[in-house]
Engineer: 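This structure is in structure tokens; I'll ask about it shortly.
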Amino acid sequence: VGALMSTKPPKPVVAQDKNFQPVEVQSWVQASKGQPDLVIGLRGDPYYLLPGQDGGAIRNFALRAECTHLGCLANWNRVVNKFVCPCHGSEYDAQGSVIKGPAPKSLALAHVELTDSQKVRLSAWSEEDFRDGTEPWWA
Ligand code: FES
């Protein structure tokens, strides 16, 4: 859309914590205490890693934290189990699907996998959005 947007898919990166250290999965599990937690991800953008389900340590997708309305950082609210944007009140469910506007779209996805040394690696999600079957608007 905008001329400032890169058209190339972002390069895979190892997620970094707020001190720019690589995120190791077991440390992340302990620190995040079963809640979505922010890391530095693709293109240096903030991403939420998500707690695993059914005994898994971490979900195999991450959510870009940028609200799809005007780009504020959506906050995870553990009380209501949603991401809530502080700017104009948009809400997203725990998988990042938009459930209340003005945000027009769901949070962008990235793939999550572990490296051989158990670091959390993010890579571009260019396939269909599994949440609603649409083409990925962010790719
Ligand atoms: Fe998030 Fe407006 S920027 S609701």
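Counting starts at 1 for both ligands and their atoms, following the listed order. Just the heavy atoms: all of them, side chains too, but no hydrogens, waters or symmetry mates, feed the values below. Throughout, residue positions are numbered sequentially from 1 according to the sequence presented.
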Engineer: Is there a donor-acceptor pair closer than 3.5 Å between any side-chain N or O of Ser123 and the backbone N or O of Pro12?
Structural biologist: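 A pair under 3.5 Å: no.
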Engineer: With atom 1 (Fe) of ligand 1 at the center, what angle do SG from Cys67 and SG from Cys85 span, rounded to 10 degrees?
Structural biologist: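 With atom 1 (Fe) of ligand 1 as the vertex, the angle is close to 110°.
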Engineer: Report the relative orientation of the aromatic rings in His69 and His88; use parallel for angles under 30°, tilted for 30 to 60°, perpendicular for over 60°.
Structural biologist: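 His69 vs His88 ring planes: perpendicular.
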Engineer: Lys100 side chain to Gly89 main-chain N or O, any donor-acceptor pair under 3.5 Å?
Structural biologist: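 At least one qualifying donor-acceptor pair exists.
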Engineer: Please identify which atoms of ligand 1 are closer than 4.0 Å to at least one heavy atom of Ser90.
Structural biologist: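 Within the 4.0 Å cut-off of Ser90, ligand 1 contributes 4 (S).
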Engineer: Please write down residue, atom name and distance for the protein heavy atom closest to atom 3 (S) of ligand 1.
Structural biologist: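 Of the protein heavy atoms, Leu70 N, 3.2 Å lies nearest.
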Engineer: Can you give me the ND1-atom 2 (Fe) of ligand 1-ND1 angle for His88 and His69, to 10°?
Structural biologist: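 The angle at atom 2 (Fe) of ligand 1 comes to 100°, rounded to the nearest 10°.
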Engineer: Would you check if there is a donor-acceptor pair between the side chains of Ser32 and Gln35 at a distance under 3.5 Å?
Structural biologist: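 Their side chains do not contain a donor-acceptor pair, so the 3.5 Å distance test is not met.
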